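Note on naming: letters A, B, ... go to the chains in the order of the sequence lines (proteins, then strands), and numbering restarts at 1 for each one. The structure presented is a predicted model; accordingly, all values stated were derived computationally and were not measured.
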Amino acid sequence: MSQKKAPYELPIGPIHPALKEPINFTFKMNGEVVEEVDFAPGRAHRGIEWMGMRRNPVQILHLCDRICGICGVAHALVFAQAVEQIAGVEVPDRAYYVRTIIAEFERIQSHLLWAGVAAHELGFDTLFYLAWQIREESVDVIEYITGNRVNYAIMMIGGTRRDITPDMFPRIEQALQYYEGLFEKMVNLFLNDKTIAMRCRNTGILTKRRALELATVGPTARASGLAMDVRTDSPYAAYGDLDFDIILPEVYSNETVGDVYDRIVVRIFEVKQSIDIIRQCLRQMPDGPVLAEEKYPKLLMNLKKASGEAFARVEAPRGEDMHFVRMNGKQEAPEMWKVKASTYSNQMAWIEILQGEQIADIPVIIASIDPCMSCTDRVAVVNQKGEADVLTKEYLHRLSVEKTRRMQG
Amino acid sequence: MRLSPSFNRSLWVFHVNSGSCNGCDIEIVAALCPRYDPERFGIKLVGSPRHADVLLVTGPVTHQMRDRVKRVYDQMAAPKVVMCVGTCGQSGGVFYDSYNLDGPLDQVIPVDVYVPGCAPRPEAIIYGVVQAIAKLERLEKEVRS
């Protein structure tokens with residue numbers, strides 16, 4: 001075999017068993033050590049925003065559910081909030097609580113899903129199966145409340161489609177108790193395990209300063225010690241009435257390293273936080289309707305007349321999710337719809353945290369920010385000849401910076 | 001279609017995401033997990049299309065994934081069965097009018113088993129795999145005779 005010169009290139013993806021979604025990574029390697037990282041997203045681009053600008057807002061809600069099958073309710077919720085803001089729809093108080101409960105159950109299932117995937121990437125399949133078995137309980141409750149296991153379709157402009165009635169409380173409470181009973185075990189299995197500590201401690205470190213500079217969001221940012229959470233920073237739905245704190249790695253260990261281990265800590269403890277939030281919601285839920293306008297034709301007519309622009313954000317399981325909507329009062333479809341999913345902000349951290357790591361650590365580090373390419377792949381760059389252009393990291397970064405400037409106005 | 005009384009071999013599955021929303025993908029993994037446990041029948045996900053008997057494709061086949069899906073299909077050894085999981089691979093589903101779709105899947109590669117649903121339940125996916133087993137056994141018989 002001829003000797004390979006260092007550095008050599010290692011391509012991974014777009015179809016690779018370690019990646020759950022199509023994305024293409026190119027690593028410049030020196031021996032076992034990653035020197036440079038580049039990645040090309042865009043494989044899951046379906047033109048959702050373009051389609052949305054040709055549909056009415058109620059149809060878009062169903063499209064929102066399918067931006068991402070794991071955090072669909074976050075997208076539907078944030079879009080509904082933006083449209084309600086434009087059209088001035090008064091959402092009944094009870095609907096806010098129903099929305100919060102669904103959003104928190106989604107967070108539980110998403111974090112457990114992630115915990116399982118992370119264990120799988122470490123080669124710890126027993127834990128993967130355990131996490132997914134536990135996750136089934138939250139999926140069952142979501143099905144009990146909304147009727148669907150994935151793509152819940154419960155959000156509606158001006159409220160929710162279904163109510164959570166008091167006779168449903170015992171089943172929800174049963175699920176909460178199930179998770180409370182398992183929490184100690186989860187902490188023990190994920191955080192006191194020697195293998196996981198060995199593989200995850202000091203792996204893929206993102207310092208607090210770099211986390212801020214790269215504009216990371218959600219659990220990735222919190223694991224680096226940044227106290228930011230849209231639920232407390234700018235409360236939406238019922239979060240303003242509830243009592244909870246931002247989860248930082250300090251809840252478990254004394255120091256904040258910003259490594260993969262800290263990301264596990266944050267997500268595991270957020271499951272517990274979600275249980276508390278749901279319980280508070282069940283206790284405080286006011287009576288009343290859950291939908292502002294039950295007649296769809298009337299709702300659609302009102303939305304058609306609405307004009308203006310709005311910008312809404314929520315804390316999806318992966319971090320901040322923002323939608324921008326502009327309606328002109330002449331057509332049913334929004335004139336402009338922009339989706340900024342959480343992975344869009346977090347993916348630039350890959351370049352930072354993969355540098356200097358070993359090949360074997362690549363899967364778990366990639367998984368550690370909980371990437372969701374189907375959320376992120378919003379833009380396809382096609383040049384005038386109709387060929388797709390390769391997105392370089394500088395180009396993406398420039399786009400990202402420009403976008404931030406634009407949003408700052 | 002009836003299953004033969006004993007499985008003459010275990011079924012290995014390779015999963016390709018052709019730009020789906022993840023809904024079907026998590027249901028496929030959920031179907032492989034302890035609650036449904038199809039591994040007792042020898043059904044499991046493998047890391048390479050060259051080892052696989054069944055190709056599970058989710059998603060509406062975006063333009064960038066068309067060649068990749070084809071290439072994965074070509075890498076599989078015959079006899080092989082292709083399963084299309086989710087409505088968007090069958091008709092485009094909610095993404096029907098998108099400019100970036102090269103699907104439905106059956107215009108890219110031949111499909112044997114369709115599992116409709118957005119997203120299909122794990123039970124539906126397992127039922128689809130059972131249909132795939134029956135088809136594979138029939139194909140094998142044809143090859144032998």
_Using 30° and 60° as the class boundaries, would you call the ring planes of B/Tyr99 and A/His45 parallel, tilted or perpendicular?_
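Tilted.
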
Heavy-atom check, side chain of [X] versus side chain of [Y], under 4.5 Å:
X: A/Glu136; Y: B/Cys33; answer: no
X: B/Glu39; Y: A/Tyr129; answer: yes
X: B/Asp97; Y: A/Arg55; answer: yes
X: A/Trp132; Y: B/Leu32; answer: no
X: B/Ile26; Y: A/Arg135; answer: yes

_Looking at A/Ala44, is its backbone amide N or carbonyl O close enough to the side chain of B/Thr62 to form a donor-acceptor pair, meaning the two atoms are under 3.5 Å apart?_
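Here the side-chain-to-backbone pair does not exist.
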
*asked:* For the backbone of A/Gly47 and the side chain of B/Asn100, can you confirm whether one donor and one acceptor N or O come within less than 3.5 Å of each other?
replied: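 A pair under 3.5 Å: no.
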
*Which residues in residues 108-119 of chain A have any heavy atom lying under 4.5 Å from a heavy atom of chain B?*
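Checking residues 108-119 of chain A against chain B gives A/Leu113.
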
*Under 4.5 Å from a heavy atom of chain A, the part of B/Val29 involved*: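 Both backbone and side chain of B/Val29 come within 4.5 Å of chain A.
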
*Quick one: what part of B/Thr58 sits under 4.5 Å from any heavy atom of chain A, side chain, backbone, both or neither?*
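Nothing of B/Thr58, per the 4.5 Å heavy-atom cut-off to chain A.
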
*Given a strict heavy-atom distance threshold of 4.5 Å, which part of A/Glu143 is in contact with chain B: side chain, backbone, both, or neither?*
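For A/Glu143, side-chain heavy atoms alone lie under 4.5 Å from chain B.
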
Hey, is [atom1] on [X] packed in by over 12 heavy atoms from elsewhere, all under 6.0 Å?
X: A/Trp50; atom1: CH2; result: yes
X: A/Tyr144; atom1: OH; result: yes
X: A/Arg171; atom1: CZ; result: yes

*Measuring from A/Asn151:CG to B/Asn22:CG, what's the distance to the nearest 0.5 Å?*
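Output value for this atom pair is 10.0 Å.
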
*Measuring from B/Ser98:OG to A/Arg46:CZ, what's the distance to the nearest 0.5 Å?*
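Atom-to-atom, B/Ser98:OG and A/Arg46:CZ are 9.0 Å apart.
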
_Out of A/Val139, A/Asp140, A/Leu130, A/Asp65, return the one with the most heavy atom pairs under 4.5 angstrom to chain B._
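Maximum pair count with chain B is reached by A/Asp140.
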
_Using the rule given for side chain to side chain contact (heavy atoms under 4.5 Å, CB included), can you reason through A/Gln133 versus B/Arg35, listing the C-alpha separation, both sets of side-chain angles and the distance that settles it, and then say yes or no?_
CA-CA 7 Å; A/Gln133 192 174 17; B/Arg35 175 181 282 188; 5.6 Å; no

*Between B/Cys118, B/Cys21, B/Pro49, B/Gly23, which has the largest tally of heavy atom pairs under 4.5 Å with chain A?*
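Result: the option with the highest number of such pairs is B/Cys21.
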
*Under a 4.5 Å heavy-atom cutoff, which of B/Arg71, B/His15, B/Met65 has the most pairs with chain A?*
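Of the options given, most contacts go to B/Met65.
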
_Considering all heavy atoms, the nearest B/Tyr36-A/Arg149 contact_ =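 Looking at all heavy atoms of both residues, the closest pair is OH-NH1, 3.7 Å.
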
Throw together a table of side-chain donor-acceptor distances under 3.5 angstrom for residues 81-94 of chain B, partners on residues two or more places apart or in other chains.
{"from": "B/Thr87", "atom 1": "OG1", "to": "B/Gly117", "atom 2": "N", "distance (Å)": "3.1"}
{"from": "B/Thr87", "atom 1": "OG1", "to": "B/Gly117", "atom 2": "O", "distance (Å)": "3.2"}
{"from": "B/Gln90", "atom 1": "NE2", "to": "B/Cys84", "atom 2": "O", "distance (Å)": "3.4"}
{"from": "B/Gln90", "atom 1": "NE2", "to": "B/Gly86", "atom 2": "O", "distance (Å)": "3.4"}
{"from": "B/Gln90", "atom 1": "NE2", "to": "B/Val115", "atom 2": "O", "distance (Å)": "3.2"}
{"from": "B/Ser91", "atom 1": "OG", "to": "B/Gly93", "atom 2": "N", "distance (Å)": "3.2"}

